[in-house]
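Note that this is a predicted model, so its numbers are computed, not measured.
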Amino acid sequence: MNYISFEYAYLILLLLPIIYCLYRCKEYVKPKFFVHLHFLSAKRSFLKLEWIIKVLIFVLLCIALSSPITIDKLNPQNRHGKDIVLAIDGSGSMNSSGYDAEDEVSDGERLTRFEITKKIAHEFIHKRVSDNVGVVLYGDFAFIASPITYEKEIVTDMLSYLTSGMAGQNTAIGEAIAVSVRAFKHSKAKTKVIILLTDGEHNSGAVSPKDAIKLAKDENIKIYTIGMGNKGEADEALLTKIAKESGGHFYRAESAKELQKVYSEIDKLESSKIKSREYMLKDYYYGIFLLLAFGLLLFLLYREVRK
């Protein structure tokens, strides 16, 4: 929610005595030789240009002192949503192409499985209007590429920087789950979900899938697993076990189109309230009013010099 406000609004009240004084406290020069010379002076006009400019200068200065701001207020207290971590396989096998034979996702480009996964994940993240999302990339090891956050642009920006092989060439599914669980450390959501995607078998890492499943269950985290590629490429037995024991579900996606459908199904998860702090983003505009006042003051000085 955006709105305009002042940090020190009460300072605008300074305008009342200032404008009154500008109008009532008129200049008076005491004559030295002709004591009644003031009878010959012309009356000042209320709308005299100099007077208007002086009033504008003080108005602008008072507004600047009041510190005008625009506030972008984000209050997630009453949002309904989930905390979601996308655990994406970045192993060497994700470099293979031909996954989108129908070109429905790649639009005619020759993209690898990893690139298609990023593209679909990008769409999925931006559809999560009320959710917090994070990304974990894994191969020989796993790391948090983006922490769980409501700022979708940050997550998708970090996602765009990821490349296949960045975390190694193998597939550490156990570590992927363990690191994803660690990403929920500060989560306040009741519904916590890991979406684990892979096209291979667990063959690396210091954490076994069995121990990783226990970690997820202890934190009440559901794991939805996705096996990419043709039947038999991914370890469907292990992925089914992971999903079943954590209360999630296993999906097979033999094409890019099917992968999109899988993410759409996961989108229908039951939502829950997320409790988090209120954030206020402020933009300050006092500088604009100071510049305008300074410009008018220079104009007044210029007129005085020209007289």
Side-chain angles (χ1 to χ4, degrees), residues 84-101 105-106 109-125 133-147 155-156 158-183 193-213 215-216 223-243 246 248 250-260 262-263 266:
I84 299 173
V85 169
L86 304 181
I88 299 174
D89 187 350
S91 61
S93 59
M94 292 289 286
N95 264 327
S96 60
S97 57
Y99 185 63
D100 189 17
V105 176
S106 57
E109 295 182 73
R110 189 172 179 79
L111 302 179
T112 64
R113 289 182 179 182
F114 188 77
E115 290 169 331
I116 290 170
T117 298
K118 287 204 303 180
K119 192 169 184 178
I120 295 174
H122 186 283
E123 296 171 359
F124 176 81
I125 290 166
V133 184
V135 175
V136 167
L137 184 72
Y138 69 98
D140 291 320
F141 59 92
F143 66 90
I144 299 173
S146 173
V155 182
T156 52
M158 291 304 300
L159 184 65
S160 66
Y161 294 132
L162 301 180
T163 59
S164 178
M166 184 181 284
Q169 299 298 315
N170 295 307
T171 309
I173 292 177
E175 286 204 14
I177 296 172
V179 172
S180 297
V181 171
R182 195 185 310 151
V193 175
I194 296 172
I195 302 174
L196 186 140
L197 179 144
T198 183
D199 68 342
E201 301 177 352
H202 172 75
N203 57 12
S204 184
V207 182
S208 69
K210 182 179 179 180
D211 293 336
I213 294 170
L215 289 173
I223 305 175
Y224 288 78
T225 56
I226 304 172
M228 287 183 70
N230 299 322
K231 188 174 182 179
E233 285 190 73
D235 189 345
E236 295 184 12
L238 175 61
L239 295 178
T240 302
K241 180 182 179 182
I242 292 170
S246 64
F250 166 69
Y251 299 91
R252 184 188 301 115
E254 296 185 3
S255 68
K257 186 178 180 180
E258 287 184 13
L259 184 58
Q260 279 185 318
V262 168
Y263 276 108
I266 295 173

*Partners meeting side-chain hydrogen bond (donor to acceptor under 3.5 Å, both in side chains) with Thr163 (sequence neighbours left out)*: none
*With Phe124, which residues qualify under ring-ring contact (aromatic ring centres under 6.0 Å, His included), at least two apart?*
Tyr263
*Identify, with sequence neighbours excluded, every residue that meets side-chain contact (heavy atoms from CB on, under 4.5 Å) alongside Ala142.*
Val136, Tyr138, Glu175, Val179
*So, the side chain of Tyr99 versus the backbone of Ser255: is there a donor-acceptor pair under 3.5 Å, distance only?*
yes
*Do Asp199 and Ser93 get their side chains close enough for a donor-acceptor pair, meaning under 3.5 Å?*
yes
*Any donor and acceptor pair, going by atom type alone, linking the side chain of Ser204 with main-chain N or O of Ala172 inside 3.5 Å?*
no
_Please check this pair: side chain of Asp100 against backbone of Ala256, looking for a donor-acceptor N/O pair closer than 3.5 Å._
no
*Excluding sequence neighbours, so at least two apart, what forms ring-ring contact (aromatic ring centres under 6.0 Å, His included) with Phe141?*
none
_If the condition is salt bridge (Lys or Arg N to Asp or Glu O under 4.0 Å), which residues does Glu115 pass it with, not counting sequence neighbours?_
none
*Which side chain to side chain donor-acceptor pair (under 3.5 Å) pairs, counting each pair once, include a residue from residues 225-234, with sequence neighbours left out?*
Arg113-Glu233
*Name all residues meeting the side-chain hydrogen bond (donor to acceptor under 3.5 Å, both in side chains) criterion together with Ser160; count only those two or more places apart in sequence or in a different chain, and write none if there are none.*
none
*Mind checking side-chain hydrogen bond (donor to acceptor under 3.5 Å, both in side chains) for Glu236 and listing every partner two or more places apart, or none if nothing turns up?*
Arg252
_Partners passing side-chain contact (heavy atoms from CB on, under 4.5 Å) against Thr156 (at least two apart in sequence or in another chain)_ = His122, Ile125, His126, Glu153
_Set of salt bridge (Lys or Arg N to Asp or Glu O under 4.0 Å) partners for Lys257, sequence neighbours left out_ = Glu104
*asked:* Taking side-chain contact (heavy atoms from CB on, under 4.5 Å) as the definition, give me every residue that meets it alongside Ala183, ordered by chain and number, with sequence neighbours left out.
replied: Val85, Ile144, Ile148
*Sequence neighbours excluded, which residues qualify as side-chain contact (heavy atoms from CB on, under 4.5 Å) partners of Ser164?*
Met94, Asn95, Phe114
*Is a side-chain donor or acceptor of Thr171 paired with a backbone partner of Asn203 at a separation under 3.5 angstrom?*
no
